[in-house]
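Protein chains get the first letters and strands the later ones, always in sequence-line order, with residue 1 at the start of each.
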Amino acid sequence: MKTADLAGLPEGVPEALHAEGIEELYPPQAEAVEAGVTEGESVVASIPTASGKTMIAELAMLSSVQRGGKALYIVPLRALASEKKTEFERWEEYGVDVGVSTGNYDSDGEWLASRDVIVATSEKVDSLIRNGAPWVDDLTCVVSDEVHLVNDSHRGPTLEVTLAKLRRINPGLQVVALSATVGNADEVAEWLDASLVQSEWRPIDLKMGVHYGNAINFDDGDQREVPVGTGQKQSEALVADTLDEGGSTLVFVNSRRNAEGAAKRLAGVTSKALTDGERNDLRQLAADIRDVSDTETSEDLATVVAKGAAFHHAGLAAEHRSLVEDAFRDRLIKCVSATPTLAAGVNTPSRRVIVRDWRRYDGEFGGMKPLDALEVHQMCGRAGRPGLDPYGEAVLLAKDSETMDELFERYVDADPEPVLSKLAAEPALRTHLLATVASGFANSREGLLEFLENTLYASQTQESGRLEHVTDSVLDYLEVNGFVDREDGSITATDIGHTVSRLYLDPMSAAEIIDGLRDAEEVTPLGCYHLVCRTPDMYQLYLKSGDREEFTELFYERETELLGVAPSEFDDVAFEDWLAALKTATMLEDWATEVDEDRIAERFGVGPGDIRGKVDTAEWLLGAAEQLAGTLDLGVNVAVREAKKRVQYGVREELLDLAGVRNVGRKRARRLFEAGVESRADLREADKSVVLTALRGRRRTAESILENVGRRDPDMEEVREAELEAATFSTANDEDGQSSLGDFG
DNA sequence: ATACATCGAATCTAGACAGCATGTC
DNA sequence: CTAGATTCGATGTAT
C-alpha cells in the first residue's frame with residue numbers, strides 16, 4: 001500500500017510522508033490500515049520493535065483529528081513522552097497541536113484542552129481522570145504504547161484500569177494498542193474489542209544466536225567465527241569483532257556493578273579502535289559528564305567514555321543518561337553496557353546486542369531468576385539500525401554446550417510469554433477501587449465488580465471468585481481506615497478518601513502518614529522523612545550488612561523524633577523495614593543539611609540519579625502529607641511544609657528564603673549567606689560587589705539573580721574589576737559549584 | 001619486615017510512576 | 001530449592 005493512497009488524513013500529510021521518503025507502508029502498517037485504523041477502528045498491533053508501530057499510531061491519531069476528534073498517546077516512561085512529543089510536533093504545520101502531560105512536565109491545563117494530540121504517562125492519565133480533566137470526554141482516539149506492560153505487577157494494573165475507564169467514559173472510543181510480540185495478543189485484542197494485527201516482519205533482519213566456544217551459532221543455522229583469546233572474555237571478543245566491521249555493541253547485564261565493571265573492561269577494547277577526531281570528541285564528552293556531577297559514578301563514567309565505552313543504569317543522573325544515549329546513537333561511543341534501563345527506554349539501536357546475563361537476582365524468587373523471553377526479546381530488538389546496518393545481531397553467551405541448548409530453547413526458539421493481568425492483588429486494588437468510587441464510576445460493591453468486568457483480568461480469568469474476594473478485603477481496609485463509608489450496600493468516598501484519590505497516593509501510604517502525624521508532639525524534618533520513607537510509595541534504600549548496627553544505634557539516638565509506633569527490635573522483618581526507612585530518611589536529611597552530593601553518594605552507596613529520585617519522591621509525598629494534614633486539621637502543616645522545602649532545595653533552615661530565588665540553588669545560597677547576604681531583602685539591598693564576589697565573579701548570573709529577586713537596578717556594570725580582585729583570585733578554578741543534580745527536561 | 005600472590009568466604013544484587021506551583025545553569 | 005561477579009581477608013611466599 002502506498003502512502004499516497006491513504007485517505008482521511010489531514011491535507012498535506014501523505015505528501016509530507018512521501019517527502020520523508022516513506023512511499024510504501026510496511027506490511028504490518030498496511031494491515032492495520034486494512035483493519036481500519038484510519039477509520040476509527042480499534043486495533044491491537046503486536047509486532048516487533050522498530051517495525052513501524054509509531055506510524056500506525058500516527059495514522060490513527062491524525063485521521064481521528066482530521067475527523068474533528070482528539071487523541072491521547074499513553075507512554076510508559078516520562079522520557080518517552082518528550083521523545084514522542086518531539087516526533088509528533090512535525091505535524092503542527094498541518095494544523096495538529098501537540099501537548100504533553102507528565103508528573104514533572106505539564107503543558108498548562110487549559111491549554112491542554114485545546115491540543116489535538118496529548119502525550120502522557122499512564123499514571124498521569126489516571127490522575128487526570130481522577131481529577132476530572134474536562135477534555136477527557138472529548139477523546140476519540142487513544143493509543144497505548146507498550147501495552148504488554150499490563151503484565152507488570154506494579155504498573156500494569158494502572159494501565160489496565162485506565163484503559164477500562166477511558167472506554168467507559170467514551171463508549172465509541174478508538175483504541176490502538178501497540179505491543180511487543182507476546183504470547184496472547186489475541187486475548188488483548190479481544191479484551192479491547194479490537195482487530196488484531198500480528199506479524200514477525202521487521203524492516204531489517206534480526207539474527208539471534210548464542211556464542212559458545214569460538215563461534216556464534218545463529219538461529220538460521222549460520223555460524224560466525226569469533227574466537228576468544230586467552231585471558232579475554234566472550235563479550236570482549238564480540239565487541240572487538242563488531243568493531244572490526246565498524247559497528248557498535250550494546251551489552252545487557254544484570255546489575256549496576258556489572259555494568260560498570262564490563263564498561264571498564266570493554267573500554268580497553270574500544271580505545272584501540274578510535275580515530276584522533278573521535279578521541280577529541282570523547283574527551284569533550286567526558287568533560288561534559290564530569291560537569292554533570294562530581295560523584296565517583298560520574299568520574300568513572302567519564303573515564304570509560306574517554307575510551308569510547310560507557311555504562312548506563314538508573315544510578316546515573318538523567319543528564320548522564322542522555323549524554324550517553326546521544327553519543328551512542330551518533331556512533332561516538334562504541335559500546336554501552338547497561339541494565340534494563342536501556343531496553344525499555346528511548347530508542348538506542350545498535351548493530352549488535354549482547355545479552356550477557358540472562359538471570360537476575362530476585363528476592364521474592366529467592367535467587368537468580370531467568371529473565372522472561374519477552375524481556376530478552378525486547379533487548380534483542382535493539383539490534384540493527386534501520387537504514388544503517390544490513391542486519392542486526394543479537395547474541396547470548398554460553399560457557400558450555402548445555403547452557404547453549406538451554407538458551408536456544410528458552411529464548412532463541414521460544415515464543416514470548418502471554419501477558420497476564422496482575423490486577424487481582426491487594427496493593428493494586430487498594431488504589432484503584434478507592435479511585436473508582438471517588439471519581440464516581442461505581443457506588444456499590446456490585447458496581448465495582450461490574451466495572452472490573454471491563455478489565456483484562458476479568459477477560460482472562462474463568463472464576464470470578466478471586467477478584468471478588470480481594471475486592472471485599474480491600475473494601476474492608478478502606479472502610480476501617482476511613483476512606484470510604486458503606487451504608488445499605490452503597491459505597492461513598494469520605495472527604496479524606498477523595499483527597500487521597502486526587503493526590504494519587506496509595507491509601508496505605510495515606511493511612512501511615514495520617515497515623516504518624518496524628519497526635520505527633522514534635523515534628524522534625526527527620527521525623528517527616530522517616531514517615532514518608534515508610535510508605536509503600538517510597539522505594540527504600542537497601543540495608544547493607546553493617547548498616548543494621550549503624551542505623552540501630554542511630555534509631556535509639558533519635559527515637560523521639562520518629563513518628564508513630566516503632567516495631568519491636570525482635571520483630572525482624574518490621575524492624576529491618578523501619579531501619580531501611582531510617583537509612584533513606586537519613587540520606588534525605590543529609591541532602592537537606594547541605595552535605596555534598598559526592599559525600600552522600602559515598603556514604604549511602606548510591607549514584608546521583610538515586611539521590612535525585614529519592615528527593616523527588618520525598619517532595620511529592622511530603623506535599624501530599626501537607627495536604628492531608630491540612631484536610632484533617634492536624635496542626636502540623638508548617639513543620640511538614642518546612643521539611644518539604646528543605647529537601648526540595650537541599651538546604652538548611654536559614655537558607656530557605658534565599659534558595660527560593662530563581663537561579664539560586666543550595667550552593668549559591670550558602671555562599672551568599674556566608675557573605676552576609678542572608679535573605680531576599682538583603683539581596684535587594686546588598687552591595688553589588690559583595691554579591692558578585694559571593695557568586696565568584698559571574699556578572700551575568702549575578703545580574704539575573706538580582707533581577708529575579710526584584711532589585712530595581714540589577715546592572716553589574718558599575719562594579720569595577722579592582723573591587724573583585726580577591727574574588728577573581730579565588731575563582732581561578734572557574735567552576736560553578738551550583739549543584740547540577742536537578743536535570744529536568 | 002614487607003609486598004604481594006592465592007584461595008576461599010563474605011557480600012551484594014533492575015527499574016521509576018505520581019500532587020502542586022513555579023523556576024537550577 | 002536455585003547464582004555468580006567482585007571484594008575482603010586470612011594465609012602463604014618471594015624478596
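- Applying the Watson-Crick and G-U wobble criteria (two distances, each under 3.5 Å), dA18(B) pairs with nothing in any strand.
- Annotation: salt bridge (Lys or Arg N to Asp or Glu O under 4.0 Å) contacts involving residues 144-162 of chain A, sequence neighbours excluded, comprise Glu123(A)-Arg155(A).
- Comparing the P positions of dT6(C) and dA14(B) gives an interatomic distance of 14 Å, to the nearest angstrom.
- Taking atom CZ on Arg360(A) and atom C1' on dA14(B), their separation rounds to 5 Å, with Å as the unit.
- Separation of the P atoms belonging to dA16(B) and dG4(C) is 26 Å when rounded to the nearest angstrom.
- Nearest nucleotide to the side chain of Thr341(A), out of dA16(B), dA18(B), dT24(B): dA16(B).
- Counting non-hydrogen atoms under 4.0 angstrom, Ala624(A) reaches nothing in the nucleic acid.
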*Pairing string, 5' to 3', for DNA chain C - Watson-Crick or wobble contacts under 3.5 Å, brackets [ ] where pairs cross, | to another strand*: ..|||||||||||||
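- Two residues are said to be in side-chain contact when any heavy atoms from C-beta on lie closer than 4.5 Å; Asp610(A) and Arg256(A) meet this criterion.
- Distances from the side chain of Asn663(A) to the nucleotides dG15(B), dA16(B), dT24(B) place dT24(B) closest.
- Taking atom CG on Leu149(A) and atom P on dG15(B), their separation rounds to 16 Å, with Å as the unit.
- Residues meeting the side-chain hydrogen bond (donor to acceptor under 3.5 Å, both in side chains) test with Glu260(A), sequence neighbours left out: His313(A).
- Two residues, Tyr649(A) and Glu626(A), neighbour DNA chain B, and the one matched to the more 5' nucleotide by heavy-atom proximity is Glu626(A).
- Of the possible donor and acceptor atoms, one in the side chain of Arg666(A) sits under 3.5 Å from a partner among the backbone N and O of Val595(A).
- Residues forming a salt bridge (Lys or Arg N to Asp or Glu O under 4.0 Å) with Asp596(A) (at least two apart in sequence, or on another chain): Lys667(A).
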*List the steps and the verdict of salt bridge (Lys or Arg N to Asp or Glu O under 4.0 Å) for Asp126(A) and Arg130(A).*
CA-CA 6 Å; Asp126(A) 187 17; Arg130(A) 295 185 188 192; 3.2 Å; yes
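- Not counting sequence neighbours, Phe252(A) has no partner by the ring-ring contact (aromatic ring centres under 6.0 Å, His included) test.
- Residues satisfying the side-chain contact (heavy atoms from CB on, under 4.5 Å) test with Asp572(A), not counting sequence neighbours, are Arg548(A).
- Using a 4.0 Å heavy-atom distance criterion, Asn254(A) is classed as a sugar-phosphate-only contact.
- Side-chain nitrogen and oxygen atoms of Arg78(A) include at least one within less than 4.0 Å of the OP1 or OP2 phosphate oxygen of dA18(B).
- Contact check, Ser127(A) against dG19(B): a side-chain N or O comes under 4.0 Å of OP1 or OP2.
- Taking every side-chain heavy atom of Glu375(A) into account, dA14(B) is the closest of dT24(B), dC20(B), dA14(B).
- The separation between Tyr539(A) atom OH and dA16(B) atom P is 11 Å, rounded to whole Å.
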*What string of B, S and - do you get for nucleotides 2-7 of chain C 5' to 3' if you count protein non-hydrogen atoms under 4.0 Å?*
BBSBS-
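- Residue Arg502(A) contributes atom CZ, which lies 18 Å from atom P of dA18(B) at whole-angstrom precision.
- Contacts of Thr617(A) with the nucleic acid, taken as non-hydrogen atoms under 4.0 Å apart, include base atoms.
- Gly613(A) comes within contact range of no nucleotide atom at all, as no heavy-atom separation falls under 4.0 Å.
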Listing, residues 537-546 of chain A side-chain donor-acceptor contacts under 3.5 Å, not counting sequence neighbours, or none:
from: Asp537(A); atom 1: OD2; to: Asp506(A); atom 2: N; distance (Å): 3.0
from: Asp537(A); atom 1: OD2; to: Ser509(A); atom 2: OG; distance (Å): 2.8
from: Gln540(A); atom 1: NE2; to: Cys533(A); atom 2: O; distance (Å): 2.8

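- One atom, CD of Glu364(A), and another, P of dC1(C), lie 15 Å apart when rounded to the nearest Å.
- When the nucleotides dT24(B), dA18(B), dC17(B) are ranked by their closest atom to the side chain of Arg155(A), dC17(B) comes out on top.
- Qualifying side-chain contact (heavy atoms from CB on, under 4.5 Å) partners for Ser153(A), counting only residues two or more places apart in sequence or in other chains: Lys422(A).
- Checked against side-chain contact (heavy atoms from CB on, under 4.5 Å), His377(A) has the following partners two or more places apart in sequence or in another chain: Met208(A), Ala373(A), Pro416(A).
- Residue Arg321(A) contributes atom CZ, which lies 13 Å from atom P of dA14(B) at whole-angstrom precision.
- Side-chain atoms of Glu417(A) come within 3.5 Å of backbone atoms of Leu374(A) as a donor-acceptor pair (strictly under, hydrogens ignored).
- Computed from coordinates, the Ile513(A) CD1 to dG19(B) P distance equals 14 Å when rounded to whole Å.
- Considering only residues two or more places apart in sequence or on other chains, Arg410(A) meets the side-chain contact (heavy atoms from CB on, under 4.5 Å) condition with Trp358(A), Pro370(A), Glu406(A).
- Here Lys124(A) lies in heavy-atom contact (under 4.0 Å) with sugar-phosphate atoms only.
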All N/O pairs under 3.5 Å across the protein-nucleotides 8-10 of chain C interface:
none

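- Judged by centroid separation below 5.5 Å and plane tilt below 30°, Trp620(A) does not stack onto the base of dG19(B).
- When rounded to the nearest whole Å, the span between CG of Asn131(A) and P of dA21(B) equals 11 Å.
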